Participant: 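Below are the structure tokens for one structure; questions will follow.
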Amino acid sequence: MAGAKTNVPAASNRPAGAQRAAERGRQAPNIVAAPKKNKLKDSLRDAATAAMLVAVLGLFFIGVRTDIAPGGLDLKMRWTAWIVSILVVFGGRLALNMFVFQAHTPATQTLGQKIGQLGAAAPGLGKWLMRALFAFAVVLPFFFTTFFPGKDRQFIDLAILIMTYIMLGWGLNIVVGLAGLLDLGYVAFYAVGAYSFALLAQHFEFIGFWVALPLAGMLAALWGIILGFPVLRLRGDYLAIVTLAFGEIIRIVLLNWYQFTGGPDGISGIPKPTFFGLELKRGEGGFADFFGIEYAPIQRFIFLYYIIFFLALLTNFVTMRLRRLPIGRAWEALREDEIACRSLGINTRNTKLTAFAIGAMFGGFAGSFFATRQGFISPESFTFLESAIILAIVVLGGLGSQIGVVIAAVVMIGGIEMLRNLGFLSQVFGPGFDPVQYRMLIFGMAMVLIMVWKPRGLVSTREPTAVLKEKKRIDADMVAQGEGH
Amino acid sequence: MTGTGETLLSVRGVETYYGKIVALRGVDVDVHRGEIVTMIGANGAGKSTLMMTICGNPQARTGQIVYDGQDITAMPTHEIMHLGIAQSPEGRRIFPRMTVMENLQMGAALVDPKHFENDLKKVFELFPRLKERIGQRGGTLSGGEQQMLAIGRALMSRPKLLLLDEPSLGLAPLIVKQIFDAIRELNKNEGLTVFLVEQNAFHALRLAHRGYVMVNGNITMSGTGAELLKREEVRAAYLEGGRH
């Protein structure tokens, strides 16, 4: 593979014949000029067929709305929505036909090529992107207070949310990305962290955020080990099912153990974090008073932002260090081949347990941050959907890639929030249309698209942890798709 | 050179089962210090099972395996590997997404890091190809290079006993020769004891000091490599038509 010089872009998975045909077409445009008219005709016919299918199927699914009315069902025709969806399908199908299915150089291929080139330019780009992102993250709250004074609270709140997911993504990355243990119940540790802090604060007056944080982390790590033991022998699908069940068990226990956890009522009045004993409140003895600055409610958000920023950095730092240590290398080797690991004398049991425990610990940290930020927690915040989102962030970002997690978290969490601002869509689909309702659909589509173009996630390069003389990047392009797994 | 006569590994009456299916029916094998011993046999004879049983996965149901004076029959795999046994498993099983360097580091996971540089140099002397490929991902190596990496990785753990499971599997004759030469060299220069499981009977028996023939989980013949090569049964079953 290394010696063969081919022009096949990494992202392209078209068969070699199609590739050749496409190249022939590029070299000799005059040969293919003739069937152009046919192409348009074919495309139109195909698009019309698709539109007709939508018209038939959509007549009942989209065009008719049923409401329960006194004395039976109330039927309402929604002709606009029906026609719009037909037109959308017609236009989309036509565009696909013209630019992808029947084009000589499909738009997807060029796009894939571009993305591939972006990845190839990554050594320099990735480094600078990372630095730029980091610098922006450092000054982020002040950026928003300066440039968006009216909306700063909303933006910083969103930044806190994204940062929480980045931290969760990095925590899960240890388990899924490095150790290769598919964990669908990561939210359980998030919940354990949150409830540990909430319950400790409720029962012991003196416990604040900073005391509870390590305790919550330790408790979550303990639960990580408790989960780890029974599932040690499982891999892949079986492991995923058991961890999924574990996540649900934790949630259901929290929901039903009313005397201890408050059940569905949750726990409220969780204390806010303090700055070295100073509360961020108005008046005497507060943070603003102590430093002699004017109190503003935004200070609390800025403070929270920096706490989660620090926690996320800690997660990243620990992960990067561990990757260079034997234990981190053993995790990665475990992901690659468990039997080979054992034959090298690696204690796979302990290796797995440390991965679970450390991943869970960071989940616990994030959980107790979540509790202090919200001031109120209930089992509703820890559903399977949370696990799915965190896992999606890790997978979309590229398993094992730290920067990929950041990009995926910003896109996914930021993107979902952005969808709340798509008010113009209700002009098209009527006043009852709420774009937030469709975010999961858009979300799913984005995932499918990324998986088509970048099947190994946005950042699929794996930086080797050890180098002898000169640094060499080992790109995903050097390995044919699917090899090695 | 031949063995010193002192037994390093002794397998006595070992029976191994996969569930209810019997894979080894009372196997006796001895490996002396400084020897190359080979086990030949057809597909499914139980050669690899014996290798895996020595490593404790699966464990022998009856019988005893003694290594260096210590009973290892019921030990977990990772503890057995701590005693100075290294294995190049069947199908090589290198870590495909990790670089050659990282693969070798994994091999040295149990060893004092101060030996690392020196051991690395030795492996590169034995297989110069690996040095050229140092930053390349394991999965991008050719089959022969992967086999070299698997052996190199095993050597990084400074073993007293090297277990090789079909190192010639799927390799071109020239590469097989290279690898077998390397094994011979290791044995001669370092005095490394090697237990080799092979289907490539001709090469294996020429390389080995002693050999065993396994049929259906039983040892049917044993003797020096040269003796076995001359035996009519061995020639008929494993060599005629199969010679490279």
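Since the model is a prediction, treat every value here as computed from it, not as a measurement. Convention: sequence-line order gives letters A, B, ...; per-chain numbering from 1.
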Participant: Using a 6.0 Å cut-off, check whether atom CZ of B:Phe116 has over 12 heavy atoms from anything other than its own residue.
Facilitator: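 Atom CZ in B:Phe116 is crowded, with more than 12 foreign heavy atoms closer than 6.0 Å.
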
Participant: Would you mind checking which part of B:Asn57 comes under 4.5 Å of any heavy atom in chain A, side chain (CB onward), backbone (N, CA, C, O), both or neither?
Facilitator: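 Contact with chain A involves the side chain of B:Asn57 alone.
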
Participant: Identify the residues of residues 343-353 of chain A whose heavy atoms come closer than 4.5 Å to a heavy atom of chain B, ordered by number, or report 'none'.
Facilitator: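 The stretch touches chain B at A:Ser343, A:Leu344, A:Gly345, A:Ile346, A:Asn347.
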
Participant: In Å, rounded to the nearest 0.5 Å, how long is the span from CZ of B:Arg93 to CD of A:Glu338?
Facilitator: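 Output value for this atom pair is 10.0 Å.
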
Participant: For B:Arg153 and A:Ala340, which heavy atoms make the closest approach, and how far apart are they?
Facilitator: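 Shortest heavy-atom separation between B:Arg153 and A:Ala340 comes out as NH2-CB, 3.9 Å.
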
Participant: I'd like to know if the side chain of B:Glu102 and the backbone of A:Arg329 have a donor-acceptor N/O pair within less than 3.5 Å.
Facilitator: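 No: the side chain of B:Glu102 does not pair with the backbone of A:Arg329.
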
Participant: Please round to the nearest 0.5 Å and tell me the distance separating atom CD of B:Glu90 and atom CD1 of A:Ile339.
Facilitator: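 Between B:Glu90 CD and A:Ile339 CD1, I get 10.5 Å after rounding to 0.5 Å.
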
Participant: For B:Thr77, does its backbone N or O pair with a side-chain atom of A:Arg342 as donor and acceptor, under 3.5 Å?
Facilitator: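 No: the side chain of A:Arg342 does not pair with the backbone of B:Thr77.
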
Participant: Please classify the contact of B:Ala86 with chain A as side chain, backbone, both or neither, using a heavy-atom distance under 4.5 Å.
Facilitator: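 For B:Ala86, there is no contact with chain A at all, as no heavy atom is under 4.5 Å.
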
Participant: For chain A, find which of B:Met156, B:Met106, B:Glu79 contributes the most heavy-atom pairs closer than 4.5 angstrom.
Facilitator: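 When all of B:Met156, B:Met106, B:Glu79 are compared, B:Met106 has the most.
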
